[in-house]
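Naming: A, B, ... by sequence-line order, numbering from 1 per chain.
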Amino acid sequence: MITINNKSIEYKENKILFDYIKEDAEFSKQKFLISGVDNILYDLKLTPIKDNNIIWLYDFSSERGRDAYWHSTSHILAMAMKVWFKKNHGGDEKVKLAIGPSIENGFYYDFDLGGTAFKEENLSEIESIMKDLIEENIPFVKSVLTREEILEKYKKSNEKFKIEIIEQYKDEKEFAIYSNYSKKYEMEFFDMCRGPHIPSTGYVKAFKLLSLAGAYWRGDENKDMLARIYGISFPDKQMVKDYVEKIEEAKKRDHRVLGKKLEIFSIFEETGSGLVYWHPHGGMLRDIIERFWKDEHLKRGYDLVVTPHIARAELWKTSGHYDFYKENMYIFKIDEEEYVLKPMNCPGHVMIYKTKIHSYRDLPVKYAELGTVYRYERSGALHGLLRVRGFTQDDGHVFCTPSQLPEEVEKVFDFAVFMIEKFGYKKYSVELSMRDPKNPAKYAGTAEEWDVAQKVLKDILIKKNISFVEMPGEAVFYGPKIDIKLQDALGREWQGPTVQFDFNLPRRFNVTYIGDDNKEHFVYMVHRALLGSIERFIGGLIENYAGKFPLWLSPVQVAILSVTDETVDYSKEICTILKENNIRVTEDYRNEKIGYKIREAENNQTPYMLILGKKEKDEKILSIRKKGEGDIGHLSAEEFLKLFKDSLNN
RNA sequence: GCUGGUGUGGCUCAGUGGUAGAGCAGCGCUUUCGUAAAGCGCGGGUCGGCGGUUCAAAUCCGCCCACCAGCUCCA
């Protein structure tokens with residue numbers, strides 16, 4: 001007996017997997033792509049079948065099936081590129097293949113185009129070649145070559161990236177390739193690849209090339225810049241349409257679009273890129289968030305501090321930033337003396353801590369500051385509110401004893417999760433950023449110190465049962481950190497909350513406390529930001545809520561709309577009552593039809609509209625309209641206040 | 001910073017060598033209106049900036065700036 005997808009089937013010698021699939025009424029209906037035996041994945045036709053085997057078949061609905069599907073489509077793309085170069089540049093030698101993996105959504109392939117002009121508009125020509133290759137239903141044929149054979153093959157075509165990959169696998173003696181032959185284009189294509197692949201190109205029913213972009217070879221900016229083509233494929237045409245539509249919908253939630261429409265912020269070319277101007281609605285949003293933030297910090301034993309925006313370079317030399325962070329700092333001179341526009345708040349907090357002697361009994365000391373910092377970011381990295389050059393960190397530093405450290409880190413982590421959940425973020429991922437052991441010069445502190453610090457952070461994540469990814473080489477120069485990444489509308493991740501350990505500053509600044517042994521000890525220091533930065537956090541909020549903020553965050557909560565001139569006086573009376581109750585109100589008394597005013601308020605995402613006409617004025621009532629729901633009837637002013645307060649708390 | 005793309009009135013966009021266009025918004029007049037766009041009229045742009053080619057440039061070329069996608073880098 002063998003088992004296929006949990007179904008027991010009688011084993012017969014010399015019978016191949018396709019036969020088993022064909023003979024099973026259920027399996028034959030499904031479009032299987034690859035198989036797995038003992039957790040190794042195979043091409044369907046190369047699946048080893050032995051008695052007592054447990055075999056799994058994967059179709060597009062499984063992650064493994066999708067990976068193979070997309071990866072195979074990337075081979076078709078690469079083959080099409082070769083065909084295109086043969087047609088347009090008299091040979092395919094100019095295009096060099098790098099790598100072409102599947103990714104979370106689709107696939108890409110990186111090419112070196114040998115200086116040939118290739119533009120986005122050429123993608124449609126590539127697509128039509130791909131269609132031909134798919135129509136031909138060309139099989140993916142696997143063969144195994146020796147090291148010498150494959151090197152010879154690749155040297156002949158001077159595929160330098162493939163040769164580099166082979167040379168990287170020094171101990172590997174055999175390499176697999178997958179070949180496809182097109183009669184129509186008289187093209188033999190092969191690509192070194194572990195596989196597995198789908199049986200033939202015809203399995204790809206629908207695909208789309210999405211974009212052309214640059215990417216460094218091996219992600220290293222000192223290496224060649226390659227052309228990367230992104231694409232997606234599906235077993236159904238409708239799925240491609242749905243996918244493209246989904247992306248279009250997500251783009252409508254872009255905070256740069258909504259930020260303009262909802263009058264939240266501007267960034268001006270003439271005043272400098274990456275520098276944000278907050279309009280009244282954005283200013284209100286910030287104020288709501290910042291007040292909440294301060295209240296929650298005071299509840300948890302933090303003291304609020306404020307530090308200057310500039311400081312003498314001396315401070316940054318002591319902190320180490322002048323050496324380790326210089327390329328990100330704005331440095332300038334006043335009276336021949338160097339000053340730095342602060343890129344971080346920590347040295348300032350250390351200065352405050354150091355103004356007196358601290359007993360172990362006083363620890364932990366926790367300082368918090370909404371500290372605005374400036375960092376030079378490379379122009380290509382800037383992105384609306386999510387990546388700017390001037391931003392306000394919701395910063396805080398915990399000074400504690402070594403024994404308090406685990407508890408304090410845990411408290412900070414819980415606090416961060418409290419905040420992001422309060423603001424409605426559902427999706428986030430956690431990373432443990434560690435040092436790169438190969439590059440010790442990049443970091444302050446010794447390897448031993450790093451190991452200890454990394455362990456403290458890791459233990460807490462394990463204790464809290466948080467799933468996280470270890471990221472070697474991702475740490476900042478002064479210590480390891482736990483990062484929480486938040487997603488934007490298109491699923492791109494941005495670092496938000498962060499908890500960072502620091503053994504660097506206490507030593508550099510000699511930051512100490514007096515222990516119960518009456519001796520001086522270095523304090524342990526934790527940097528943390530719960531939102532990350534106000535700018536990035538609000539950018540994410542706009543996208544997550546698609547501009548439809550919950551009542552408590554809405555810059556404008558109620559729009560008062562008068563039906564005619566006759567009801568303006570009554571409208572003003574109501575407005576006064578609402579404002580006395582700390583409700584954020586706009587008034588619209590223009591000479592416009594009520595439908596027009598409603599439409600505008602709806603488009604501005606105003607949660608409540610009060611329509612005040614003759615009837616309301618005469619009967620001293622309000623006609624209430626809720627955003628997205630429409631007319632919800634009449635209430636007295638008192639009743640509306642109660643309704644409003646109730647919905648604030650939900 | 002790198003690769004590719006884009007830049008036209010407040011906003012969204014059309015216009016590829018021959019005297020700058022539309023819709024929305026704004027302003028004026030009419031309309032005083034009941035739950036997602038009333039009608040008519042008017043004003044507004046040295047076409048991102050600088051330089052060049054040309055009898056003539058939004059349009060072609062060069063440099064710069066900004067933005068978009070991706071890479072790199074990070075809150």
Q) Hey, are E619(A) and K615(A) close enough for a salt bridge, meaning a charged N less than 4.0 Å from a carboxylate O? A) yes
Q.
The criterion is salt bridge (charged side-chain N to carboxylate O under 4.0 Å, His left out); which residues satisfy it with K427(A), sequence neighbours excluded?
A. none
Q: Answer yes or no: are there more than 12 heavy-atom neighbours, outside E248(A) itself, under 6.0 Å from its atom CD?
A: yes
Q | Position toward the 5' end of RNA chain B (nearest nucleotide), Y376(A) or T498(A) | A | Y376(A)
Q | Parallel, tilted or perpendicular: ring planes of H297(A) versus F415(A), cut at 30 and 60 degrees | A | tilted
(Q) Does rA69(B) have its OP1 or OP2 closer than 4.0 Å to a side-chain nitrogen or oxygen of H383(A)? (A) yes
Q: Tell me what G532(A) touches on the nucleic acid: a base, only sugar-phosphate, or nothing, going by heavy atoms under 4.0 Å.
A: sugar-phosphate
Q: Under a 3.5 Å limit for both distances, which nucleotide forms a Watson-Crick or G-U wobble pair with rG43(B), could you say?
A: none
Q: Please determine, for the side chain of R375(A), which listed nucleotide (rA36(B), rA69(B), rC74(B)) has the closest atom?
A: rC74(B)
Q) Would you say the side-chain atoms of E125(A) and N122(A) include a donor-acceptor pair closer than 3.5 Å? A) yes
Q | Touch class at under 4.0 angstrom, heavy-atom based, for K481(A) against every strand present | A | sugar-phosphate
Q) For rC74(B), does either OP1 or OP2 sit under 4.0 Å from a side-chain N or O belonging to R389(A)? A) no
Q | Test side-chain contact (heavy atoms from CB on, under 4.5 Å) applied to H281(A) and H279(A), step by step | A | CA-CA 6 Å; H281(A) 288 166; H279(A) 294 213; 5.6 Å; no
Q) Counting any heavy atom closer than 4.0 Å, what does G380(A) reach on the DNA or RNA strands: base, sugar-phosphate only, or nothing? A) base
**Q.** Geometric cation-pi criterion, R387(A) with W494(A): 6.0 Å, 45°
**A.** no
(Q) Pick the closest RNA chain B nucleotide for L386(A) and for D254(A) by heavy atoms, then say which residue is nearer the 5' end. (A) D254(A)
Q: Take the protein atom CZ of R590(A) and the nucleotide atom C1' of rA37(B), then report the distance between them rounded to whole Å.
A: 11 Å
Q. Does a nitrogen or oxygen in the side chain of S273(A) sit under 4.0 Å from OP1 or OP2 of rA66(B)?
A. yes
**Q.** Partner nucleotide, any strand, of rA25(B) [Watson-Crick/G-U, under 3.5 Å]
**A.** none
Q | rU16(B) pairs with, by Watson-Crick or G-U criteria that keep both distances under 3.5 Å | A | none
Q. Are S379(A) and rG1(B) close enough that a side-chain N or O sits under 4.0 Å from OP1 or OP2?
A. yes
Q | Residues D224(A), K96(A): salt bridge by 4.0 Å N-O rule | A | no
Q) Closer than 4.0 Å, any side-chain N/O of R387(A) to the OP1 or OP2 of rC73(B)? A) no
Q: Determine, for nucleotides 38-50 of chain B in 5'-to-3' order, which nucleotides have protein heavy atoms under 4.0 Å from the base (write B), from only the sugar-phosphate (write S), or from neither (write -).
A: B------------
Q | Nucleotide forming a Watson-Crick or wobble pair with rA38(B), both distances under 3.5 Å | A | rU30(B)
Q.
So, does R218(A) get its side chain near the phosphate of rU72(B), meaning an N or O under 4.0 Å from OP1 or OP2?
A. no
Q: Please state how far atom CD in E377(A) lies from atom P in rC2(B), giving the value in whole angstrom units.
A: 16 Å
Q) If you measure from the C1' atom in rA58(B) to the same atom in rG48(B), how many Å do you get, rounded? A) 12 Å
Q: Using the C1' atom on both, measure rG45(B) against rC13(B) and round to a whole Å.
A: 14 Å
Q: Measure the distance from NZ on K617(A) to C1' on rU32(B) and round it to the nearest whole Å.
A: 13 Å
